[in-house]
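Structure first, commentary second.
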Amino acid sequence: MSDDGRRPPPGLEDIRLHDTRRRRLVPLEPLVPGHVGIYTCGPTVYAPQTLGNMRSQLYPDLLRRVLRAAGLDVLHVVNITDVGHLTDDASAGDDKMEEAARRTGQSAAEIAAHWTQQWLTDRRRLACCEPDVLPRAADHIPEQIALVRTLEAKGHTYVIDDGVYFDVATFDRYAEFAGLDLDELEATGRVENVDAKRHPADFALWKRTPPGVRRQQEWDSPWGRGFPGWHIECSAMSTRYLGTRFDIHTGGVDHIRVHHTNEVAQSESAYDVHPWVSIWLHNEFLELGSVKISKSKGHVLVVDSLVERGIEPLAFRYFFFQAHYRQQQAFSFEAVEAAGTALRRLVHHAVVAREAVGGDPTGGDPGRCDPRRRSFWSALADDLNAPRALTVVWDVIRGAELTAADRWSLLADFDRALGFGLAEATDPEAATAAGSDPRVDGLLAEREAARRTRDFTTADRIRDDLAAEGIEVVDTPAGPTWRRR
RNA sequence: GGCGGCGUGGCCGAGUGGCUCAGGCAAGGGACUGCAAAUCCCUCUACGCGGGUUCGAUUCCCGCCGCCGCCUCCA
């Protein structure tokens, strides 16, 4: 799986990433040399995951690909939240899964299974590598209870009717991670929402099921029947698979303030570690703009929204690469279509080069290839600067001095990060071979006859008719060919 | 209100104190074609506004305007 034993390609010797905690670029220094653990906040599976959500899957995928290309042994954990994610922080808030079950009449388990599958399918359609571990919160209840007990034993919790809460006053660094002002937070007047909580920022570790209520998802615990709070699952599951300290934690910017702040508080309090996570990565949002309007009509923007418009999912992957992950990116169908056009051309040129050298990626002149290899990988080593990496791709495609061997050796190498599947791709511009459809062959022969007699009216009519059914006629010196559009 | 970010050519978007400052898409011109398509070549348009620092700012500083995000669940 990994590129063990390989030297990193030129430009990828020193990887720097933007750490949210330190608010600057920092060098990647794995806790265990040669190995990197990544924890990615995955979906809460009560609803479809939007294209915006998928952005926070795409950049960890790019990250893991880059790290593997660098010769590191990567363990990528992506969690599935199938319990405990509250609709609201107040005691009135309910579990999202439970609420979805009530709303749809399906069981929480059915809902979770369905949306988990949909999400995995969408990930694959965007060419994201399968996670190495895909832990589900509901499968890790004992770990979560154990962690709450540890926190309780160390005096970081208190119990109220509603459940067990983390006492942020017991963790000095609470405000540090997100640059919070706790006094300010206290003064903002959310007090009426927090009931018996000692501080507005205190958060649920375990929620008790009220007397007389029966939940679909509930477990016995030292604090009574109930379910775990949302934040505790990430601390518990990351520890289970990556240890009490690990290298990289990813998520969306929206998580910095609450979710990740709380994860840090729990984990550093329970394990007496600091920093718990070496590097925190957060992606900015996809800017939906006017598309938001359609969301209120009940249409959410998902991978299938693209497919319905005839846009292939991989176009969105290319679109994602066009902007830096820490920058908001303006979404529009037109922009993704444009990305799709660019990708189609990219694949075309890659396949032409690949065929020309019989698929052998080991050719290429070092004098011409190495500088470009360095440019590409050093762009990605610089906090995953995919837009800059793409410019190298186009330089490789357009560069007149490059041979097919140069091109394919470079593009095959680059595709380890890009993930467009260039080694297996078929040429999107390729013509369909004669003989594959007798009817089309017949029409083309008819058209050729018309062309020979310079009866272009007839010839063009035949071409137009074929175009109307999605068949594009392509004339070549060797005769006409065609392809479906 | 607090915190953070952003405003670049028709669109999406990199980047930089000066060196012809990306790349893609679109558009225009040319080659090729009977005409197209695809491909190739060429071209165009830029750094929100006002000050300041500087020999020189799109890039640094200040102010203003506009946009977005987080602060409640959210990727």
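By convention in this document, chain letters (A, B, ...) are assigned in the order of the sequence lines, proteins followed by strands, and residues within each chain are numbered from 1.
Under the 4.0 Å criterion applied to side-chain N and carboxylate O atoms, R463(A) and D460(A) are assigned as salt-bridge partners. Ion pair D413(A)/R416(A) flagged as a salt bridge, since at least one NZ, NE, NH1 or NH2 atom sits closer than 4.0 Å to an Asp/Glu carboxylate oxygen.
Heavy atoms of H259(A) sit nowhere under 4.0 angstrom from any nucleic acid atom. Contact annotation for V336(A): no contact, since no heavy-atom pair falls under 4.0 Å across all strands. Using a 4.0 Å heavy-atom criterion, one finds that Q57(A) contacts no nucleic acid atom at all. Using a 4.0 Å heavy-atom criterion, one finds that G251(A) contacts the sugar-phosphate atoms exclusively.
Here the side chain of Q49(A) is nearest to one of A14(B), C12(B), A75(B), namely A75(B). The A335(A) side chain lies nearest to C12(B) when the options are A75(B), G34(B), C12(B). Nearest to the side-chain atoms of R257(A) among the listed nucleotides G2(B), C73(B), A75(B) stands G2(B).
Screening L314(A), V303(A), T121(A) for a side chain to side chain contact (heavy atoms under 4.5 Å, CB included) with L126(A), the sole residue that qualifies is V303(A). Just one of K197(A), R208(A), K207(A) meets the salt bridge (Lys or Arg N to Asp or Glu O under 4.0 Å) condition when paired with D162(A); it is K207(A).
The CG-P distance, from N283(A) to A75(B), rounds to 10 Å in whole Å. For the pair E284(A) CD and G7(B) P, the interatomic distance rounds to 12 Å; values are reported in whole Å. In this entry the distance linking CG of D460(A) with P of A37(B) reads 12 Å, nearest Å. In this structure, CD of E472(A) is placed 17 Å from P of C35(B), rounded to the nearest angstrom. If you take CG of L286(A) and P of C12(B), they are 13 Å apart, rounded to a whole angstrom. For the pair H231(A) NE2 and U72(B) C1', the computed distance is 11 Å after rounding to whole Å. Summarising the geometry, the separation between NE2 on H260(A) and P on C70(B) is reported as 15 Å, rounded to the nearest angstrom. Between the OH atom of Y325(A) and the P atom of G69(B) there is a distance of 21 Å, given to the nearest Å.
By the 4.5 Å heavy-atom criterion applied to side chains, W276(A) and S238(A) are counted as neighbours. Residues M237(A) and R136(A) have side chains not in contact (no heavy-atom distance under 4.5 Å, counting atoms from C-beta outward).
On the C1' atoms, A57(B) is 15 Å away from G50(B), given to the nearest whole Å. C11(B) and G48(B) have their P atoms separated by 13 Å, given to the nearest Å. Annotation: A46(B) and G52(B) have their C1' atoms spaced 23 Å apart (nearest Å). Spacing of C1' atoms, G9(B) relative to G28(B), comes out at 15 Å, to the nearest Å. Comparing G56(B) with C32(B), their C1' atoms sit 47 Å apart, to the nearest whole Å. Between G15(B) and U59(B), the distance separating the two C1' atoms is 9 Å to the nearest Å. Atom P of U53(B) sits at a distance of 32 Å from the matching atom of G10(B), rounded to the whole Å. Comparing G69(B) with C64(B), their P atoms are spaced 22 Å from each other, to the whole Å.
For the residue pair Q118(A)/D122(A), the side-chain donor-acceptor check at 3.5 Å is satisfied. T40(A) and Q57(A) share no side-chain donor-acceptor pair at under 3.5 Å. A donor-acceptor contact closer than 3.5 angstrom links the side chains of D427(A) and H348(A). A donor atom on one side chain and an acceptor atom on the other are not found under 3.5 Å apart for E263(A) and S235(A).
H349(A) has a side-chain polar atom (N or O) that falls below the 4.0 Å cut-off from OP1 or OP2 of C40(B). Under 4.0 angstrom from either OP1 or OP2 of G15(B) there lies at least one side-chain N or O belonging to N385(A).
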### Task
Heavy atoms under 4.0 Å is the rule here; annotate nucleotides 23-28 of chain B 5' to 3' with B where the base is hit, S where only the sugar-phosphate is, and - elsewhere.
BSSS--

### Task
Let me have RNA chain B in dot-bracket notation, would you? Count Watson-Crick plus G-U wobble pairs, both distances under 3.5 Å, and use [ ] for pairs crossing earlier ones and | for inter-strand partners.
(((((((..(((.....[....))).(((((.......)))))....(((((..]....))))))))))))....

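You'll find the ring centres of W206(A) and Y165(A) outside the 6.0 Å limit. Taking the six-membered ring for Trp and the full ring otherwise, W230(A) and H255(A) have centroids separated by under 6.0 Å.
Side chain D475(A) to base C32(B): no donor-acceptor pair is found below 3.5 Å. For R454(A) and G34(B), a side-chain-to-base donor-acceptor distance below 3.5 Å is absent, hydrogens and geometry of angles not being considered.
Each of R463(A) and R388(A) was assigned the nucleotide of RNA chain B with the nearest heavy atom; the assignment lying further toward the 5' end belongs to R388(A). Both R326(A) and A323(A) sit near RNA chain B, but only R326(A) has its closest nucleotide nearer the 5' end.
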